[in-house]
A.B. asks: 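Sharing a structure below in structure tokens format, with a few things to ask.
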Amino acid sequence: MVSHSELRKLFCSADAVCFDVDSTVIREEGIDELAKFCGVEAAVSEMTRRAMGGAVPFKAALTERLALIQPSREQVQRLIAEHPPHLTPGIRELVSRLQERNVQVFLISGGFRSIVEHVASKLNIPSTNVFANRLKFYFNGEYAGFDEMQPTAESGGKGKVIKLLKEKFQFQKIVMIGDGITDMEACPPADVFIGFGGNVIRQQVKDNAEWYITDFVELLGELEE
């Protein structure tokens with residue numbers, strides 16, 4: 001076990017901080033919002049719950065849910081325009097403070113790139129620092145599947161992204177922050193995992209994370225000290 005003061009030191013000296021997006025950076029689960037918008041909310045949110053609890057392999061759960069939703073390009077664009085995701089309180093200030101300290105900030109999500117890029121633009125995070133799943137559409141805009149080659153489409157995908165970042169940029173210390181099992185499993189290769197319960201508390205994460213927070217103000221406070 002690493003002591004809390006050591007974890008805090010690691011966080012304050014990190015070269016890069018990676019955030020999960022759904023229920024962490026934003027208050028919603030993007031795939032559930034898309035399902036609601038497309039009229040298949042109940043069936044999809046049950047599948048999300050099972051996937052988040054680790055009961056179903058991630059790619060299988062994603063395939064099943066998208067097969068139910070069948071979102072068109074137009075529906076995705078309308079969702080972002082009419083129901084833009086809500087940023088979690090404190091995230092804008094935290095990202096801004098990290099960037100002032102020359103810490104690289106990444107968004108790593110099992111959600112959809114079109115939604116995550118919209119979130120990234122609100123936080124001044126370049127789209128090159130976004131790792132998420134790409135929806136595919138036919139020429140007429142109808143749903144055609146998703147890009148299964150993205151690391152984020154797989155179970156363990158967030159860890160693969162972090163490993164890739166370490167190799168590419170030679171980061172010494174990477175922090176992963178998120179609400180779900182898939183975020184916790186990304187450490188290692190992440191050096192520190194911080195569990196986040198400000199929007200939803202997942203008991204397994206709360207019980208097993210060495211550092212668990214429910215408000216980003218706590219991390220802002222660490223950077224101010």
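These values consider heavy atoms only, across backbone and side chains, with no hydrogens, waters or symmetry-generated copies. Nothing here was measured: the structure is a model prediction, and the numbers come from that model. Along the sequence shown, the residues carry numbers beginning at 1.
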A.B. asks: Do K166 side-chain atoms and P189 backbone N/O form a donor-acceptor pair below 3.5 Å?
C.D. replies: yes
A.B. asks: Are there more than 12 heavy atoms of other residues, nucleotides or ligands under 6.0 Å from atom CD of E93?
C.D. replies: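 Yes - once you tally the heavy atoms of other residues, nucleotides and ligands closer than 6.0 Å, there are more than 12.
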A.B. asks: Write down the atom of I26, the atom of N199, and the distance for their closest heavy-atom approach.
C.D. replies: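 In terms of heavy atoms, the two residues are closest at O-ND2, 3.4 Å.
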A.B. asks: Decide whether F131 and F169 are clustered together by the hydrophobic rule: side chain heavy atoms of Ile, Leu, Val, Met, Phe, Trp, Tyr closer than 4.5 Å, transitively.
C.D. replies: yes
A.B. asks: Name the orientation class of the two ring planes belonging to F171 and F106 (parallel below 30°, tilted from 30 to 60°, perpendicular beyond 60°).
C.D. replies: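 Answer is perpendicular, since the angle exceeds 60°.
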A.B. asks: Hey, could you give me the OG1/CD distance between T63 and E148, rounded to the nearest 0.5 Å?
C.D. replies: 5.5 Å
A.B. asks: Go through the structure and list residues passing ring pair (Phe, Tyr, Trp, His ring centres under 6.0 Å) with F216, not counting sequence neighbours.
C.D. replies: F196
A.B. asks: With a 4.5 Å heavy-atom cut-off, do L123 and L87 have their side chains touching?
C.D. replies: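 With C-beta onward as the side chain, the pair touches.
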A.B. asks: Please say whether more than 12 non-hydrogen atoms of neighbouring residues, nucleotides or ligands are located less than 6.0 Å from NZ in K163.
C.D. replies: no
A.B. asks: Flag the pair D183 and K158 as a salt bridge only when some basic side-chain nitrogen lies within less than 4.0 angstrom of an acidic carboxylate oxygen.
C.D. replies: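 A salt bridge is present here (some side-chain N lies under 4.0 Å from a carboxylate O).
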A.B. asks: Any link between F193 and L164 through a network of hydrophobic side chains (Ile, Leu, Val, Met, Phe, Trp, Tyr) touching at under 4.5 Å?
C.D. replies: yes
A.B. asks: Between L79 and L68, is there shared hydrophobic-cluster membership here, with clusters defined by ILVMFWY side-chain heavy atoms closer than 4.5 Å?
C.D. replies: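 Hydrophobic grouping puts L79 with L68.
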A.B. asks: May I ask you to decide whether R65 forms a salt bridge with E29, counting only side-chain N to carboxylate O separations under 4.0 Å?
C.D. replies: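 Result for this pair is no, no salt bridge flagged.
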A.B. asks: Any side-chain heavy atom of L98 within less than 4.5 Å of one from F19?
C.D. replies: yes
A.B. asks: Can D179 and T24 be said to form a side-chain hydrogen bond (donor to acceptor under 3.5 Å, both in side chains), step by step?
C.D. replies: CA-CA 6 Å; D179 67 290; T24 300; 3.0 Å; yes
A.B. asks: Where is the tightest heavy-atom contact between F137 and R73, given as atom of each residue plus distance?
C.D. replies: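 Taking F137 first and R73 second, the nearest heavy atoms are CE2-N, 3.2 Å.
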A.B. asks: Quick one: does N133's side chain have a donor or acceptor within less than 3.5 Å of a partner on G110's backbone?
C.D. replies: yes
